[in-house]
Protein chains: 2
Amino acid sequence: MGATKTEHFTDRQNAIATLAKALGHPARVAILEYLMKVDSCICGDIVNELPLAQPTVSQHLKELKNAGLIRGSIEGNAICYCIDEKALDKLQSYFAKISTKLEKKKSNCC
Amino acid sequence: MGATKTEHFTDRQNAIATLAKALGHPARVAILEYLMKVDSCICGDIVNELPLAQPTVSQHLKELKNAGLIRGSIEGNAICYCIDEKALDKLQSYFAKISTKLEKKKSNCC
DNA sequence: CAATTATATTGCAATATTACGATAAAGATT
DNA sequence: AATCTTTATCGTAATATTGCAATATAATTG
């Protein structure tokens with residue numbers, strides 16, 4: 001055991017979980033926010049912004065990329081990372097939908 | 001190593017990461033959606049809805065509760081779980097803010 | 001082409017998560 | 001009170017994550 005039983009859940013549930021999991025670490029939230037802050041996707045220097053060693057940051061970037069939250073394009077010998085809006089829109093619309101549904105119900109319980 | 005260095009990040013970043021992490025497993029997304037679907041917070045039978053053993057579900061519920069996404073109240077010998085709207089509003093407004101910011105920028109890169 | 005710069009990968013240790021059987025706890029039912 | 005129902009906890013195995021030093025890779029500069 002120890003491995004998530006993804007096959008038992010819907011694609012949609014797995015997709016949301018994958019995105020959420022990618023943001024389930026403060027370093028990755030910080031990376032996202034840094035990419036938001038700088039106007040264009042400044043290449044590099046994400047490492048300098050974070051209180052973590054370069055290999056660790058590289059790994060977090062990889063996870064964000066695997067989840068589809070950021071893209072990286074080679075720019076000389078540096079790499080230019082930027083946010084993938086589609087993934088964030090997915091999260092945004094998911095939670096927006098939930099919030100409006102909750103609004104309607106105004107929980108008749110607890 | 002292996003432990004997240006939360007102390008190096010802002011409270012806000014940690015808070016978002018905690019909520020996101022809690023939804024970083026499809027079973028917990030499924031639980032949330034089930035609680036949305038049933039009108040009132042039906043007590044019990046979450047176990048029957050999920051393809052996981054009872055102790056596993058109990059553990060997932062605990063994590064959702066610890067993250068503040070759900071609340072549980074004792075109702076006889078059963079327990080009535082329901083969504084905590086505040087936590088979901090936090091996520092909703094976070095991603096809404098990000099989406100509008102991204103909209104404005106229309107990424108001048110990559 | 002040697003040295004530098006920027007990022008990725010490897011390998012590994014520490015810790016966390018996932019899953020479940022067995023069992024406990026606590027109220028409900030008979 | 002004995003049993004049933006419902007949920008939690010314990011113990012444990014399998015796997016995943018986090019973090020970093022060392023090293024590799026690849027483009028850039030001198």
Side-chain angles (χ1 to χ4, degrees), chain A residues 1-9 13-14 17-31 34-35 41-67 69-82 110, chain B residues 1-9 13-14 17-31 34-35 41-67 69-82 110:
Chain A
M1 291 104 227
T4 294
K5 295 189 160 181
T6 51
E7 68 276 13
H8 293 314
F9 302 97
Q13 286 166 345
N14 281 311
T18 298
L19 290 174
K21 190 176 185 179
L23 290 178
H25 191 293
R28 296 195 286 268
V29 173
I31 290 172
Y34 180 66
L35 288 176
C41 48
I42 297 246
C43 311
D45 67 26
I46 296 175
V47 172
N48 305 319
E49 284 294 313
L50 294 189
L52 295 168
Q54 180 267 323
T56 308
V57 174
S58 186
Q59 198 175 289
H60 282 307
L61 286 166
K62 193 178 176 183
E63 268 165 82
L64 285 169
K65 204 165 58 179
N66 286 342
L69 279 160
I70 64 174
R71 285 190 310 270
S73 57
I74 299 166
E75 197 89 9
N77 70 336
I79 291 188
C80 169
Y81 281 109
C82 60
C110 304
Chain B
M1 289 107 229
T4 294
K5 296 189 158 180
T6 51
E7 67 277 14
H8 294 314
F9 303 98
Q13 286 166 346
N14 281 311
T18 299
L19 289 174
K21 189 175 184 178
L23 290 178
H25 192 293
R28 296 195 286 267
V29 172
I31 289 172
Y34 180 65
L35 287 177
C41 49
I42 297 250
C43 311
D45 67 25
I46 297 176
V47 171
N48 306 320
E49 285 293 314
L50 294 189
L52 295 168
Q54 180 267 323
T56 309
V57 174
S58 186
Q59 199 173 287
H60 282 307
L61 286 167
K62 193 179 178 184
E63 268 165 80
L64 284 170
K65 204 165 59 179
N66 286 343
L69 280 160
I70 65 174
R71 286 190 310 270
S73 57
I74 299 166
E75 197 89 9
N77 69 338
I79 291 190
C80 168
Y81 280 110
C82 61
C110 305

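Below, chain A is the first sequence line, B the second, and so on; all start at residue 1.
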Length of the line joining [X]:[atom1] and [N]:[atom2], which is rounded to integer Å:
| X | N | atom1 | atom2 | value |
| --- | --- | --- | --- | --- |
| A:Leu50 | D:dT18 | CG | C1' | 14 Å |
| A:His8 | C:dT18 | NE2 | P | 15 Å |
| B:Ile79 | C:dA25 | CD1 | P | 15 Å |
| A:Leu23 | D:dT18 | CG | P | 12 Å |
| B:Glu75 | C:dG27 | CD | C1' | 12 Å |
| B:Arg71 | D:dT7 | CZ | P | 18 Å |
| B:Glu63 | C:dA19 | CD | P | 10 Å |
| B:Leu64 | C:dT17 | CG | C1' | 14 Å |

How long is the span from the [atom1] atom in [X] to the [atom2] atom in [Y], to the nearest 0.5 Å?
| X | Y | atom1 | atom2 | value |
| --- | --- | --- | --- | --- |
| B:His8 | B:Asn14 | NE2 | CG | 11.0 Å |
| B:Leu61 | B:Leu69 | CG | CG | 11.5 Å |
| B:Ile46 | B:Ile70 | CD1 | CD1 | 6.5 Å |
| A:Thr18 | B:His25 | OG1 | NE2 | 10.5 Å |

Specify the closest pair of heavy atoms between [X] and [Y], including all atoms of both residues, with the distance to one decimal.
| X | Y | value |
| --- | --- | --- |
| A:Phe9 | B:Pro51 | CE2-CD, 4.0 Å |
| A:Leu64 | A:Ala22 | CD2-O, 3.9 Å |
| B:Lys65 | B:Gly72 | CD-N, 4.2 Å |

Restricting to pairs with a member in residues 54-64 of chain A, which pass side chain to side chain donor-acceptor pair (under 3.5 Å), not counting sequence neighbours?
A:Arg28-A:His60, A:Arg28-A:Glu63
Residue pairs involving residues 49-58 of chain A (criterion salt bridge (Lys or Arg N to Asp or Glu O under 4.0 Å); sequence neighbours excluded):
none
Which protein N or O atoms sit under 3.5 Å from an N or O of nucleotides 3-5 of chain C?
{"residue": "C:dT5", "atom": "O2", "partner": "A:Asn77", "partner atom": "ND2", "Å": "3.1"}

Of all of residues 52-60 of chain A, which get a heavy atom below 4.0 angstrom from DNA chain C, listed by number?
A:Gln54, A:Pro55, A:Ser58
Is any side-chain N or O of A:Lys21 closer than 4.0 Å to OP1 or OP2 of D:dT17?
yes
N/O (side chain, A:Tyr81) to phosphate O (OP1/OP2, C:dA6) under 4.0 Å
no
Ranking A:Lys62 and B:Arg28 by the position along DNA chain C of their nearest nucleotide, the one closer to 5' is A:Lys62
Pick the nucleotide of DNA chain C nearest each of B:Gly76 and A:Val47; which residue has the one closer to the 5' end?
A:Val47
Taking for each residue the nucleotide of DNA chain D with the nearest heavy atom, is it A:Ile74 or A:Pro51 whose nucleotide lies nearer the 5' end?
A:Pro51
